[in-house]
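Notes follow the structure.
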Amino acid sequence: MTLVQLEYIVAVDTYRSFVAAAEKCCVTQPTLSMQIQKLEESIGARIFNRSRQPVVPTELGVEIIKQARIVLNESRKINELVQLENGELEGELRIGVIPTIAPYLLPRVLGGFMQKFPKLQLQIWEYTTDKIVEQLKLGLLDCGVLSTPVYGQPLTERPMFYEPFVAYLSAKSALVDKREVTADDVLSDKLWLLTEGHCMRGQVLNICQRKRSMEPHGTFEYNTGSVETLKRMVDSNSGATILPELSVADFDEDHLARVRYFKAPEPVREISLVTTQNFLKKVAIDALEKEIIASVPKKFRSKKQKHVMEID
């Protein structure tokens, strides 16, 4: 049994294809298949059911692959020990970030982080929460920046800050005369929402204490996957939307005049750095966490007089 063979079975499990796995491992498909067959012969057990497409592991194969991932992770920590001793961060750091935080947080973080660690190659993907969780489990991401808690997942969540939600109003809205708003105030106006699949949608619905039936009748729903689109729809039409506070940081005076904070306890979302429980690249991930926390306003770091919104 070799580490290379373990890498091959993990790749096949990840991509559910011998051809795709061979391509990702930079070997020919016959070479990969032969090595996996040798591994199966040496342990006396079938790891994959080759009669099905896409390829799936056998019942025993599932457990073998799970153990293979642990072995490979532990072996890779040797390089991390060397890096730690040398005081340098090298290699790749693969990060998944939800779209409702990425464009507002990353510009604050990446410049300084890359300057401090020039030999570290960052690979960043904007994914929904479900996609990031899936990619973390498969080992295709090293960490994720998510709104938490994410229930029912074998992940380690490291809360970094608590970002307030704010109401953003149309110039025509009857709420512009209020200094602060409540959930009932926002619910009385036309409400623009993110579409299904975005965790922030569930948080906004929880702020308004509404079911997905969109009651009471008479409210308005426009589904989009973009926070920027929500802003523009409010600007061009009537009504209101609920935004994370970082997304209004670059507003001009006219747009800021239509931002309203919620009465205490203000609704917030918990933003965490999420990893698997047996994660790699600890030094790099710790450095990223420190950089993110330093980049946000100090008031975000406390939960005092704040209500963390759950994700439906």
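Contact record, Pro164 with Tyr162: CD-O, 3.4 Å, taken as the closest heavy-atom pair. When all heavy atoms of Pro57 and Gly61 are compared, the pair lying nearest together is CB-C, 4.0 Å. Summarising the geometry of Lys137 relative to Pro154, their closest heavy-atom pair is CE-CD, 3.8 Å, with the distance given to 0.1 Å. Pro103 approaches Pro99 most closely through the heavy-atom pair CD-O, 3.1 Å. The minimum heavy-atom distance linking Phe161 with Val296 is given by the pair CE2-CG1, 3.9 Å. Closest approach of Ser272 and Pro159 over heavy atoms only: OG-CA, 3.2 Å.
Side-chain atoms of Arg158 and Thr148 include no donor-acceptor pair closer than 3.5 Å. Side-chain contact check for Arg269 and Thr100: at least one donor-acceptor pair (N or O, by modelled atom type) lies under 3.5 Å. Judged by distance alone, the side chains of Glu23 and Tyr15 never bring a donor and an acceptor atom under 3.5 Å apart. One side chain, Ser33 or Gln29, offers a donor N or O that lies under 3.5 Å from an acceptor on the other. Side chain to side chain, Thr28 and Thr31 meet the donor-acceptor criterion of an N or O pair below 3.5 Å.
Using a 4.5 Å cut-off on side-chain heavy atoms (C-beta onward), Val145 and Met160 make contact. Considering only heavy atoms from C-beta on, Ser170 stays 4.5 Å or farther from Asn237 through its side chain. Side-chain atoms of Leu32 and Val12, non-hydrogen and from C-beta on, do get closer than 4.5 Å to each other. Within the 4.5 Å cutoff, no side-chain heavy atoms of Tyr127 are placed close to those of Val97. Residues Ile293 and Arg301 are in side-chain contact: their nearest non-hydrogen atoms beyond the backbone lie under 4.5 Å apart. Here the side chains of Asn49 and Arg52 are in contact, with some heavy-atom distance below 4.5 Å. A heavy-atom distance below 4.5 Å is found between the side chains of Leu246 and Phe300. With a 4.5 Å cut-off on side-chain heavy atoms, Arg260 and Val176 count as touching.
Atom NZ of Lys299 sits in a crowded spot, with more than 12 heavy atoms from other residues, nucleotides or ligands closer than 6.0 Å. When the shell of 6.0 Å around CG of Asp250 is examined, it contains 12 or fewer heavy atoms from other residues, nucleotides or ligands. Environment of CD in Gln305: sparse, with no more than 12 heavy atoms of neighbouring residues, nucleotides or ligands closer than 6.0 Å. Around the CE atom of Met34, the shell of radius 6.0 Å holds more than 12 heavy atoms that belong to other residues, nucleotides or ligands. By the 6.0 Å contact criterion, NZ on Lys24 is open, its count of non-hydrogen atoms from other residues, nucleotides or ligands being 12 or less.
In this structure, OG1 in Thr2 is found 8.5 Å from CD in Glu7, a value given to the nearest 0.5 Å. A distance of 11.5 Å separates CD1 in Ile271 from CD in Glu157, rounded to the nearest 0.5 Å. A distance of 9.0 Å separates CG of Leu120 from CD of Glu92, quoted to the nearest 0.5 Å. Separation of atoms NZ (Lys38) and OH (Tyr8) is listed at 11.0 Å; rounding is to 0.5 Å. One distance of note links CD1 of Ile47 with CD of Glu63; it measures 12.5 Å at 0.5 Å rounding. To the nearest 0.5 Å, atom CG of residue Leu3 and atom CZ of residue Arg76 are 9.0 Å apart.
Less than 6.0 angstrom separates the ring centroid of Tyr168 from the ring centroid of Phe251.
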**Request:** For Glu40 and Arg50, run salt bridge (Lys or Arg N to Asp or Glu O under 4.0 Å): C-alpha distance rounded to whole Å, both residues' side-chain angles, the deciding distance at 0.1 Å, then the answer.
**Result:** CA-CA 13 Å; Glu40 290 177 323; Arg50 293 164 172 79; 3.0 Å; yes

**Residues Ile95, Leu141; criterion side chain to side chain contact (heavy atoms under 4.5 Å, CB included); working and verdict** = CA-CA 6 Å; Ile95 310 167; Leu141 290 175; 5.9 Å; no

**Request:** Quick one: do Thr241 and Leu169 satisfy side chain to side chain contact (heavy atoms under 4.5 Å, CB included)? Show the steps, please.
**Result:** CA-CA 7 Å; Thr241 192; Leu169 312 173; over 6 Å; no

**Prompt:** Should Glu180 and Lys263 be marked as a salt bridge (Lys or Arg N to Asp or Glu O under 4.0 Å) after you check the CA-CA gap, both sets of side-chain angles, and the distance that decides it?
**Reply:** CA-CA 6 Å; Glu180 294 180 315; Lys263 293 181 179 179; 5.7 Å; no

**Asked** Are Glu291 and Lys116 close enough, and set up right, to give a salt bridge (Lys or Arg N to Asp or Glu O under 4.0 Å), and what steps lead you there?
**Response** CA-CA 10 Å; Glu291 194 76 17; Lys116 291 176 183 176; 2.8 Å; yes

**Request:** Step by step, work out the side chain to side chain contact (heavy atoms under 4.5 Å, CB included) result for Ile64 and Ile43.
**Result:** CA-CA 10 Å; Ile64 292 172; Ile43 64 176; 3.8 Å; yes

**Message:** Show, in sequence, the C-alpha distance, side-chain angles and deciding distance for Lys131 and Glu126, and conclude whether the salt bridge (Lys or Arg N to Asp or Glu O under 4.0 Å) test is met.
**Reply:** CA-CA 9 Å; Lys131 181 75 170 178; Glu126 286 190 26; over 6 Å; no

**Request:** Decide side chain to side chain contact (heavy atoms under 4.5 Å, CB included) for Tyr261 and Glu245; before the verdict, give the C-alpha distance in whole Å, the side-chain angles of both, and the deciding distance to 0.1 Å.
**Result:** CA-CA 9 Å; Tyr261 286 83; Glu245 187 174 346; 2.8 Å; yes

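Remark: side-chain polar atoms of Ser42 are paired, donor with acceptor, to backbone N or O of Leu39 under 3.5 angstrom. Side chain of Glu266 to backbone of His307: no donor-acceptor contact under 3.5 angstrom is found. Of the possible donor and acceptor atoms, none in the side chain of Thr276 sits under 3.5 Å from a partner among the backbone N and O of Leu136. The closest donor-acceptor contact from the side chain of Lys306 to the backbone of Ser302 lies under 3.5 Å. Put simply, the side chain of Arg258 never gets that close to the backbone of His255: no donor and acceptor are under 3.5 Å apart. A donor-acceptor pair is defined here as one N or O able to donate and one able to accept, closer than 3.5 Å; no such pair exists between the side chain of Ser247 and the backbone of Leu243. Side chain of Lys303 to backbone of Glu270: no donor-acceptor contact under 3.5 angstrom is found.
Trp125 and Leu122 fall within the same hydrophobic cluster, where Ile, Leu, Val, Met, Phe, Trp and Tyr residues are linked whenever their side-chain heavy atoms come under 4.5 Å apart, directly or through other members. Ile9 is not connected to Leu140 by any chain of hydrophobic side-chain contacts under 4.5 Å among Ile, Leu, Val, Met, Phe, Trp and Tyr, and they are in different clusters. When the side chains of ILVMFWY residues are joined at heavy-atom separations under 4.5 Å, either directly or via intervening members, Met1 and Phe48 end up in a single hydrophobic cluster. Under the 4.5 Å side-chain heavy-atom criterion for Ile, Leu, Val, Met, Phe, Trp and Tyr, Val19 and Val10 are members of distinct hydrophobic clusters. Ile65 and Leu60 fall within a single hydrophobic cluster, where Ile, Leu, Val, Met, Phe, Trp and Tyr side chains are chained together by heavy-atom contacts under 4.5 Å.
Evaluated for a side chain to side chain contact (heavy atoms under 4.5 Å, CB included) with Phe262, the options Val181, Val166, Thr182 yield exactly one hit, Val181.
The residues Lys231 and Asp235 are annotated as not salt-bridged, no charged nitrogen and carboxylate oxygen being separated by less than 4.0 angstrom.
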